[in-house]
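Notes follow once the structure below has been shown.
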Amino acid sequence: MPERAASPTLALPYAVMIATPLFFSTNIIFGRFVAGETAPFVLAFLRWSAVAAILLPVAHARKGPMLAAVLSDHWRLLIALGALGMGICGGGVYLGLTHTTATNATLIYSVSPVLIILLERAFRGRRITPREALGTVLAFTGVAWIVLRGDPATLVGLSFNPGDLLIALAALAWAGYSILYRTEGLGRLDNLSLFALVAAFGAVANLPLAAIDLARGEGLPATADAWWATAGIVAISSLLAFSGFQYGVRALGASIAGLFMYLMTPFGVLLAVIFLGERLAAFHGIGIVLVLTGIAAATLPAALVERLRR
């Protein structure tokens, strides 16, 4: 795949993909308010059913006939996207986090951009350039440095349990979702309309397990603050975050967009410092520099890199 030349038209996609990991990272902050009282698949169902309820009427008004055509032609693919991106990567992640530590989950999930590149190489014959390989290594090293708190010896103490396996499955599911989202037939719809369809299928994917908890009278947020946090997950962590990522995948490709998701770790650290009062340590700074350097090395257009060398 030839590398893109520097172009003003790429400014918006790159700006969106810098902001998108920040939107995704807010899920960690909002999730603190609801994790203890909301069942994992109930939370995921509330999240994606709300997104679908907001977007589907708009999508139908704008692209009604095309929406129906894509639904008819690609309903199996839409089921897969909903199950991968909102089921396994929704309720599955929330469930995994009840059995494993945040450090384990962050470290395991951070391999998803690497999995995107490897899956594209395996199934679509995509060539991995040396610069992309170097950038991937640097970015992953930065993420690992942060989650290991600057002490590689911490890796020895990590243990794996069913929660870890669920997070690993989610990382693989996210990579598959990112690639399938670019399927040619889906390109007939704009980002908003396609996202609305996928969100609806994501709500359906979470419904069976959510229904079990709801039938038991369990899982719904119990306080006003918890409902506000859930609303934040819908508006920022879902609508803004996923819309930004879908746009980035289409504009830059799954591999490039995936690399930007490494920014979730430094953004998550900064949000924790600002909103949770956690202390910023030296290893955070080193990790953030490595992540930003890796993303720049792997994603900057070739023409711009050549210009910077002069």
Side-chain angles (χ1 to χ4, degrees), residues 9-31 43-64 66-67 70-71 74 77-78 80-90 93 112-113 116 170 173-183 186-206 229-264 267-268 271 299:
T9 61
L10 289 178
L12 180 58
Y14 277 91
V16 169
M17 284 312 303
I18 290 173
T20 293
L22 176 61
F23 299 147
F24 273 116
S25 297
T26 63
N27 190 42
I28 300 172
I29 305 301
F30 292 127
L43 179 58
F45 173 74
L46 290 174
R47 179 183 187 181
W48 296 117
S49 59
V51 169
I54 292 168
L55 294 184
L56 274 178
V58 179
H60 185 267
R62 294 173 55 184
K63 299 283 185 178
M66 188 60 68
L67 202 71
V70 171
L71 178 60
H74 300 288
L77 177 59
L78 290 168
L81 287 170
L84 291 172
M86 286 77 176
I88 298 175
C89 293
V93 167
S112 57
I116 290 174
W174 180 257
Y177 169 87
S178 302
I179 294 171
L180 288 178
Y181 192 85
R182 296 192 75 201
T183 300
L186 300 179
R188 292 179 288 171
L189 286 176
D190 60 279
N191 283 312
L192 184 148
S193 300
L194 180 55
F195 183 39
L197 269 184
V198 175
F201 278 88
V204 172
N206 286 286
T230 302
I233 291 175
V234 171
I236 301 175
S237 311
S238 304
L239 289 172
L240 287 178
F242 272 78
S243 296
F245 186 75
Q246 323 296 16
Y247 175 77
V249 166
R250 283 191 167 184
L252 302 174
S255 299
I256 300 300
L259 282 169
F260 276 92
M261 301 314 292
Y262 280 117
L263 285 171
M264 286 181 62
F267 280 151
L271 288 176
T299 65

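- Nearest heavy atom pair, residue Cys89 against residue Ala170, reads SG-O, 3.2 Å.
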Atom pairs and distances, donor-acceptor, side-chain atoms in residues 188-199, under 3.5 Å, two or more places apart:
| residue | atom | partner | partner atom | Å |
| --- | --- | --- | --- | --- |
| Arg188 | NE | Gly185 | O | 3.2 |
| Arg188 | NH2 | Asp73 | OD2 | 3.1 |
| Asp190 | OD1 | Ser193 | OG | 2.8 |
| Asp190 | OD2 | Leu192 | N | 3.2 |
| Asp190 | OD2 | Ser193 | N | 3.2 |
| Asp190 | OD2 | Ser193 | OG | 3.4 |

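- Summarising the geometry of Ala205 relative to Gly87, their closest heavy-atom pair is CB-CA, 4.4 Å, with the distance given to 0.1 Å.
- Looking only at distances, no side-chain donor or acceptor of Asn206 sits under 3.5 Å from a matching main-chain atom of Gly90.
- Partners of Phe45 by ring-ring contact (aromatic ring centres under 6.0 Å, His included), not counting sequence neighbours: none found.
- Listed by chain and residue number, His74, Leu81, Leu180, Thr183, Leu186 satisfy the side-chain contact (heavy atoms from CB on, under 4.5 Å) test with Leu77 (two or more places apart in sequence, or in another chain).
- For Tyr177, the side chain to side chain donor-acceptor pair (under 3.5 Å) partners are Gln246, not counting sequence neighbours.
- For Ala173 against Ile88, the heavy-atom pair with the smallest separation is CB-CG2, 3.8 Å.
- For Val204, there are no side-chain contact (heavy atoms from CB on, under 4.5 Å) partners, not counting sequence neighbours.
- Distance check, rounded to the nearest 0.5 Å: CG of Leu263 to OG1 of Thr20 gives 10.0 Å.
- Across Gly248 and Met17, no two heavy atoms sit closer than the pair CA-SD, 3.6 Å.
- With hydrogens and angles disregarded, a donor-acceptor distance shorter than 3.5 Å links the side chain of Ser25 to the backbone of Met264.
- Legend: residues meeting side chain to side chain donor-acceptor pair (under 3.5 Å) with Ser238, ordered by chain and number and at least two apart, are Arg47.
- Scored by the side-chain contact (heavy atoms from CB on, under 4.5 Å) test, Ala241 finds Phe23, Phe24 as partners (sequence neighbours excluded).
- For Pro57 against Ala52, the heavy-atom pair with the smallest separation is CD-O, 4.0 Å.
- To the nearest 0.5 angstrom, Leu43 atom CG is 12.0 Å from Phe30 atom CZ.
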- Message: Test side-chain contact (heavy atoms from CB on, under 4.5 Å) on Ile54 and Val234; report intermediate values, then the result.
- Response: CA-CA 10 Å; Ile54 292 168; Val234 171; 4.2 Å; yes

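- For Phe245, the ring-ring contact (aromatic ring centres under 6.0 Å, His included) partners are Trp174, not counting sequence neighbours.
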- Query: What do the steps show when you test Phe242 against Met86 for side-chain contact (heavy atoms from CB on, under 4.5 Å), and what is the final call?
  - Reply: CA-CA 10 Å; Phe242 272 78; Met86 286 77 176; 4.1 Å; yes

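- Counting all heavy atoms, side chain and backbone alike, Ser49 lies closest to Leu46 at OG-O, 3.4 Å.
- The side chain to side chain donor-acceptor pair (under 3.5 Å) test applied to Ser237 returns Thr26, not counting sequence neighbours.
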